[in-house]
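A short write-up of the structure that comes next.
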Amino acid sequence: MAAIFLSLLPGSGVAGEQTPDWRLSARIVAVGLPDVAGVREVGRFHVGGPIPGNPEFLMATREGRVLDPLRVLVAVGSNFGVPPGDPAFEVGAILSIDPRAGKSDGAIVVPQDLTGNDGDGRVQLYTAQSERFLNQRYNAGARTARLAAATGPRYISINNAFGRPWIANAPNGVAGEGSVTVVDPDGAPLANAPSREAGGVFAGQHTDREQTPKAQPSGWLGKLLNYQASGQLTSGGMQTGALGTAFLGPSPDGSGFAVFAAVTADGGVVQIHVQDGVDGLAGPGTVSTGLGTVSTSLGTVSTGLGTVSTGLGTVSTGLGTVSSGHGIGDDPGVIGIAFKWNPDRALYIADPGRDRLVLLELEDDRRHFTVARTRPISLPEFDRPVDIAAAIPEIANPQFSSHTTLAGGSDLFVANRGDGSLLRLSQDGRLLARATIEVPGLGPLGADRLRAIATSADAQHIWITIGGEVPGFPGHEGALVEVGAFDEHGAAAATQETQGAAADANLAARGKKSFLTDFTPRMGLGPLFNAASCVACHPGPGGASIDESHFARRIAHMDPVSGRTVPIDHPNSPVARRHALRAGMGIVPAAMPRQANVISLRMPLALYGIAGIDEIPDSVIEAQAVSKGDGIKGRAHHVVDSQGASRVGRYGWKADIATLKDMVANAFANELGVTSATVSREADAQPIEGDTAQIDAVASYLRTLRLPDGAKP
């Protein structure tokens, strides 16, 4: 009876409130990922950063290439047939996987030898522990020249704002020295690195800070003379494996260089300035990995880089005997970390050994970051939380964009390795919802299977890595799966392809019906419009009318002296609709604004294949906006879509409309007078209940349009 009573208590611990507990159907994306660890969607790199600014780098972000924005990077403990660059270190690789491929072809079975895999674009080797990817390739004089970009890789964070991917590694296992690497699109550690000592690999105590800026000068000479010898500003290093990393943004010293945080297996947190090296942030034991009894005497450590005296003697690291009540084996896998930048700065860090999160509130002294306060976040629902992901990643801000950064006000997802569940928390630590992951053929994901999580750029999906085999794929250990995102109000649509296809077909059918419908005033037509249906101007349906009465009229006023063209402030501008509704008169010709002295006729376009433009990644469009040596150069038009996100414009006369859905909404408003929640409502227009769903349906229908058989493109 006591057990029954306790089971009926609300999950949130607040009387009268029951925490929602959802079941999420997983789609298996890929299997054959031994010792799988961290995962991250690539995302879009902002204009102004080194990747969009370098045509060769930018090509790596094109569709199907290794840094395609929609691909997913996965850290795996295998070289996949590539010979190790240095047998003294752990092997490992970062794979680039196309999650879209698995939807049509079924789960991807990753070959265990990728050396001859150039023909299969679904899985690509981004970087590995091999000669090709050693730091010495571009940084032969670096102290860490013999370390690779990925060696015992654990975690991935990407500076989408003005940088590159970064990887946290345990090249000597969890008890040996760790490393954090910054990687170029070719998979090798950073070329032309700001730090001669580190190049693109920061490791152990070899790359600790040795100099500090005196001021914040302008001009190259001032910057050249700006530094003075110094020890670390805050002590700390990577004497144990790096198990998590997150982008912190530009350095507070005003240099503009990137700074990343990393959490190590001894429970400490460091900060890595890409030019000036490693400083501490929070000491060992800040979090606990939950390890059992591990020998961590750090007097003399064999690192493969020589025998290094750390000067730490024997220290209490939190790796010894941990009073956590349980361990997670000899290796925790990852320690998740996420950064909040707005309106104040804080780091959320998983603390699996103590069943909690730790919040580090950050300040700075205009040289580096410091910890102002430390606050634990504890919930009864925590069960060895190993990873954290932003429910809405920061993708828009060009200073902080990264999938390890929380967008303003974003909640957090927390991954429980203990019971395989996911939690959604508010930033102040309130539990909003819990979810159980249902894997096909396996049922609910059990204990010790979940490894790491990441959120997609559109905040609709969660990528999850799990250990062990999944039913139907014997001999293929480790998997990447996808589930829909969730909150306290519900879960996103199921990711199963059969369910999605049926729903899409039904939505497209409704869209076709709307496309062919003759609208009436009761249905929202007017008060100004060019036609009463979509098909009138796009016969076929989907073609282009050559009837001049269907041509759109773009109007403006031109000063006859200066030739300057200005828009006209009038309800029937800048598109002058041909028809109007008048009370008691029905449909009448619409009045042309008297100020109009410039009229441009625009023939309606055929809509076959128009949806494909929506699927072109921003990076592909931006890649063409460079001089090709013929004197012609364009530029991408960056606009804000109806969801408030910045992206390259694709539709409209000036590429001023971001998405297919926005284009449809614009056409409903300008051509039919039917407004929706995605565009500004015009004067006298009547809101139409459910019109947003109608726009979704028409957009879905346009995605199905194909050129008729026998027609010329």
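Minimum heavy-atom separation, A485 to A459: CB-O, 3.5 Å. When every heavy atom of S456 is checked against every heavy atom of D458, the shortest pair comes out as OG-OD1, 2.5 Å. Pairing each heavy atom of R132 with each of D186, the nearest pair is NH2-O, 4.4 Å. Of all the heavy atoms in T207 and F202, the pair that sits closest is OG1-CA, 3.2 Å.
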Inset, instruction - Step by step, work out the side chain to side chain contact (heavy atoms under 4.5 Å, CB included) result for T455 and I392. - result: CA-CA 7 Å; T455 312; I392 304 176; over 6 Å; no
Legend entry - Candidate pair W166 and I158, rule side chain to side chain contact (heavy atoms under 4.5 Å, CB included), full reasoning: CA-CA 6 Å; W166 288 56; I158 303 176; over 6 Å; no
Inset, instruction - Under the side chain to side chain contact (heavy atoms under 4.5 Å, CB included) rule, what do V39 and V72 come out as? Steps first, then yes or no, please. - result: CA-CA 7 Å; V39 58; V72 175; 3.3 Å; yes
Inset, instruction - Could you walk me through whether L70 and V42 pass side chain to side chain contact (heavy atoms under 4.5 Å, CB included), step by step? - result: CA-CA 6 Å; L70 297 181; V42 173; over 6 Å; no
Inset, instruction - Start with the C-alpha distance between F162 and F247, add both sets of side-chain angles, then the distance that settles ring-ring contact (aromatic ring centres under 6.0 Å, His included), and finish with yes or no. - result: CA-CA 11 Å; F162 55 90; F247 178 49; 5.7 Å; yes
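One finds a salt bridge joining R345 and D364 here, because a Lys/Arg side-chain nitrogen approaches an Asp/Glu carboxylate oxygen to under 4.0 Å. Look at E210 and R143 and you find a salt bridge, because one of the NZ, NE, NH1 or NH2 atoms lies within 4.0 Å of a carboxylate O, short of that distance. In this structure, E131 pairs ionically with R146, as a charged nitrogen and a carboxylate oxygen lie closer than 4.0 Å.
Contacts of S157 classified as side chain to side chain donor-acceptor pair (under 3.5 Å), with partners at least two apart in sequence or in another chain: T404. Applying the salt bridge (charged side-chain N to carboxylate O under 4.0 Å, His left out) rule to D411 yields the partners R424; only residues at least two apart in sequence or on another chain are considered. The side chain to side chain donor-acceptor pair (under 3.5 Å) search around H638 returns E622, not counting sequence neighbours. Checked against side chain to side chain donor-acceptor pair (under 3.5 Å), R154 has the following partners two or more places apart in sequence or in another chain: D331. By the side chain to side chain contact (heavy atoms under 4.5 Å, CB included) test, R647 pairs with D614, D618, D641, R650, A658, T659, sequence neighbours left out. For R65, the side chain to side chain contact (heavy atoms under 4.5 Å, CB included) partners are M59, R62, not counting sequence neighbours. Under the rule for a side chain to side chain contact (heavy atoms under 4.5 Å, CB included), the partners of D428 that lie at least two apart in sequence or sit in another chain are S426, R430. Checked against side chain to side chain contact (heavy atoms under 4.5 Å, CB included), P189 has the following partners two or more places apart in sequence or in another chain: N135, A149, V201.
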Using distance only, find each side-chain donor-acceptor pair of residues 394-401 under 3.5 Å and give its atom names and separation, not counting sequence neighbours.
| residue | atom | partner | partner atom | Å |
| --- | --- | --- | --- | --- |
| E394 | OE1 | W341 | NE1 | 3.2 |
| E394 | OE2 | A396 | N | 2.9 |
| E394 | OE2 | N397 | N | 3.0 |
| N397 | OD1 | Q399 | N | 2.8 |
| N397 | OD1 | F400 | N | 3.3 |
| S401 | OG | H46 | NE2 | 3.4 |
| S401 | OG | E394 | O | 3.3 |
| S401 | OG | I395 | O | 3.4 |

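Every pair passing salt bridge (Lys or Arg N to Asp or Glu O under 4.0 Å) that includes a residue from residues 163-173 is listed here, sequence neighbours excluded: R164-D184. Listed by first and then second residue, the ring pair (Phe, Tyr, Trp, His ring centres under 6.0 Å) pairs that reach into residues 135-159 come to none, sequence neighbours excluded. Counting only residues at least two apart or on different chains, no salt bridge (Lys or Arg N to Asp or Glu O under 4.0 Å) pair has a member in residues 233-245.
Judged by distance alone, with hydrogens and angles left aside, the side-chain atoms of T234 form no donor-acceptor pair with the main-chain N or O of D279 at under 3.5 Å. Side-chain N or O atoms of R373 include none that pairs as donor or acceptor with a backbone N or O of E361 at under 3.5 Å. Between the side chain of H637 and the backbone N or O of G649 there is no donor-acceptor pair closer than 3.5 Å. The main-chain N or O of T61 is never found under 3.5 Å from a side-chain atom of R71 such that the two would form a donor-acceptor pair. A side-chain donor-acceptor contact under 3.5 Å links T240 to the backbone of A265. For the pair E63 (side chain) and I616 (backbone), a donor-acceptor distance under 3.5 Å is absent. Formation of a donor-acceptor pair under 3.5 Å by the S251 side chain with backbone atoms of G256 is not found in this model. With hydrogens and angles ignored, the 3.5 Å screen pairs no side-chain donor or acceptor of N172 with any backbone N or O of F89. In this structure, the side chain of D365 engages the main chain of H368 through a donor-acceptor pair within 3.5 Å. One N or O on the side chain of E41 and one on the backbone of A457 form a donor-acceptor pair closer than 3.5 Å.
By the neighbour-count criterion of 12 heavy atoms within 6.0 Å, atom CG of N192 is sparsely surrounded, having that number or fewer from other residues, nucleotides or ligands.
Counting only heavy atoms from C-beta outward, the side chains of V358 and T286 approach each other to under 4.5 Å.
L95 pairs in a side-chain contact (heavy atoms from CB on, under 4.5 Å) with only one of the listed residues (V123, T127, L480), which is V123. Residue D253 is tested with Q275, H273, R366 for a side chain to side chain donor-acceptor pair (under 3.5 Å); the sole match is H273.
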